[in-house]
Amino acid sequence: MAAGQDPSRLTATIRLRMSASDAHYGGNLVDGARMLSLFGDVATELLVRMDGDEGLFVAYDRVEFLAPVYAGDYIEASGRITGVGNTSRRMEFEARKVIAARGDISATAADFLEGPLTVCRASGTCVVPKEKKRR
């Protein structure tokens with residue numbers, strides 16, 4: 001992070017396709033924990049950019065699963081730092097479906113959604129131990 005940059009403006013986003021191996025339940029439904037895994041990856045990027053270290057995710061204080069995710073869907077997960085302590089970083093996350101698999105039409109059909117559908121929101125805290133911080 002550039003010197004003097006406001007940490008609350010630091011954001012990160014990843015986008016990926018949920019695969020058949022992500023499906024955990026009948027009907028190709030993806031386990032909600034997969035969204036938390038994506039949030040962990042977003043948090044890692046934020047910590048590396050801010051502190052020069054991957055840090056540790058210590059707790060979620062809120063998780064909301066808002067819509068189902070299926071194998072073949074494309075998910076965009078983003079996060080931002082909302083608070084900075086001495087070693088702690090408060091973060092908020094959101095996962096949005098941007099492409100929906102359409103297995104009801106054919107095995108390869110999909111729709112690009114006109115507007116993303118929020119499938120999960122969460123907030124939590126990460127820590128970068130003082131001895132690990134490089135910035």
Side-chain angles (χ1 to χ4, degrees):
M1 187 171 77
Q5 183 178 353
D6 181 359
S8 68
R9 293 179 171 263
L10 192 59
T11 63
T13 301
I14 58 174
R15 182 185 284 188
L16 67 151
R17 181 177 184 263
M18 298 292 101
S19 70
S21 65
D22 292 313
H24 186 75
Y25 299 106
N28 286 324
L29 184 63
V30 173
D31 190 340
R34 182 68 173 109
M35 299 306 104
L36 300 184
S37 174
L38 297 178
F39 294 160
D41 290 342
V42 170
T44 297
E45 179 180 335
L46 289 169
L47 293 173
V48 168
R49 289 171 58 194
M50 182 168 182
D51 296 296
D53 189 85
E54 293 182 2
L56 304 163
F57 209 127
V58 295
Y60 283 104
D61 54 55
R62 177 179 57 92
V63 176
E64 300 173 90
F65 298 107
L66 304 168
V69 175
Y70 299 97
D73 290 347
Y74 279 73
I75 300 297
E76 183 177 86
S78 62
R80 66 187 184 94
I81 295 176
T82 60
V84 177
N86 193 24
T87 60
S88 66
R89 311 291 180 243
R90 292 268 313 130
M91 298 182 189
E92 291 182 353
F93 305 94
E94 187 171 281
R96 297 168 297 278
K97 186 184 306 191
V98 294
I99 294 176
R102 291 297 308 272
D104 58 318
I105 296 173
S106 78
T108 56
D111 288 334
F112 184 80
L113 303 178
E114 287 189 33
L117 171 66
T118 302
V119 298
C120 186
R121 283 191 197 110
S123 59
T125 302
C126 295
V127 172
V128 177
K130 282 184 180 182
E131 68 274 8
K132 302 274 184 160
K133 289 175 63 173
R134 296 181 28 234
R135 292 186 184 68

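A donor-acceptor distance shorter than 3.5 angstrom exists from the side chain of D73 to the backbone of A101, with no hydrogens or angles considered. Not a single donor-acceptor pair under 3.5 Å links the side chain of D111 to the backbone N or O of L113. Panel note: side chain R90, backbone G85; no donor-acceptor pair is recorded below 3.5 Å. Remark: side-chain polar atoms of D41 are not paired, donor with acceptor, to backbone N or O of L38 under 3.5 angstrom. Between the side chain of R135 and the backbone N or O of V48 there is at least one donor-acceptor pair closer than 3.5 Å.
Residues in residues 94-131 take part in no ring pair (Phe, Tyr, Trp, His ring centres under 6.0 Å) pair, two or more places apart or across chains.
Here the closest heavy-atom approach between residue A67 and residue L117 is recorded as CB-CD2, 4.0 Å. I75 and A95 make their closest contact through CG2-CB, 4.0 Å (heavy atoms, listed as atom of the first residue, atom of the second, distance). Minimum interatomic distance between F39 and C120 (heavy atoms only, all atoms of both residues): CE1-SG, 3.8 Å. The minimum heavy-atom distance linking F57 with G124 is given by the pair CE2-CA, 4.2 Å. When all heavy atoms of A71 and V30 are compared, the closest pair comes out as N-CG2, 3.7 Å.
The cluster map of Ile, Leu, Val, Met, Phe, Trp and Tyr, joined by side-chain heavy atoms under 4.5 Å apart, puts Y60 and V69 in the same cluster. Linking Ile, Leu, Val, Met, Phe, Trp and Tyr residues whenever their side-chain heavy atoms come within less than 4.5 Å places L36 and V119 in a single cluster. Taking hydrophobic clusters as Ile, Leu, Val, Met, Phe, Trp and Tyr residues chained together by side-chain heavy-atom distances below 4.5 Å, M91 does not share a cluster with V58. I99 and I14 fall into different hydrophobic clusters, where Ile, Leu, Val, Met, Phe, Trp and Tyr residues are linked whenever their side-chain heavy atoms come under 4.5 Å apart, directly or through other members.
The distance from the CE atom of M35 to the NZ atom of K97 is 9.5 Å, given to the nearest 0.5 Å. Distance check: T11 OG1 to E45 CD gives 8.5 Å after rounding to the nearest 0.5 Å. Rounded to the nearest 0.5 angstrom, L56 CG and C126 SG are separated by 8.5 Å. Atom CZ in R62 sits 10.5 Å away from atom CZ in F93 (nearest 0.5 Å). L46 contributes atom CG, which lies 5.0 Å from atom CD1 of I81 (distance to the nearest 0.5 angstrom). Interatomic distance, D53 CG to L47 CG, rounded to the nearest 0.5 Å: 8.0 Å.
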Checking D22 against R17 for the side chain to side chain contact (heavy atoms under 4.5 Å, CB included) test, could you report, in this order, the C-alpha distance in whole Å, the side-chain angles of both residues, the deciding distance, and whether it holds? CA-CA 9 Å; D22 292 313; R17 181 177 184 263; over 6 Å; no
**OP:** Begin with the C-alpha distance, continue with both residues' side-chain angles, and end with the deciding distance and a verdict on side chain to side chain contact (heavy atoms under 4.5 Å, CB included) for V128 and M50.
**Re:** CA-CA 10 Å; V128 177; M50 182 168 182; over 6 Å; no
Go through the steps for D51 and R134 under the test side chain to side chain contact (heavy atoms under 4.5 Å, CB included), then give the verdict.
CA-CA 6 Å; D51 296 296; R134 296 181 28 234; over 6 Å; no
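Listed by chain and number, the residues in a side chain to side chain contact (heavy atoms under 4.5 Å, CB included) with T108 are S106 (sequence neighbours excluded). For A33, the side chain to side chain contact (heavy atoms under 4.5 Å, CB included) test picks out D31, with sequence neighbours left out. In this view, S37 and R34 satisfy the side chain to side chain contact (heavy atoms under 4.5 Å, CB included) rule, not counting sequence neighbours. Under the side chain to side chain donor-acceptor pair (under 3.5 Å) criterion, R96 pairs with E76, S78, E94, not counting sequence neighbours.
Around the NZ atom of K132, the shell of radius 6.0 Å holds no more than 12 heavy atoms that belong to other residues, nucleotides or ligands.
Through chains of ILVMFWY side-chain contacts below 4.5 Å, Y70 is grouped with Y25, L29.
Annotation: side chain of R89 is not in contact with side chain of V127 (no heavy-atom distance under 4.5 Å).
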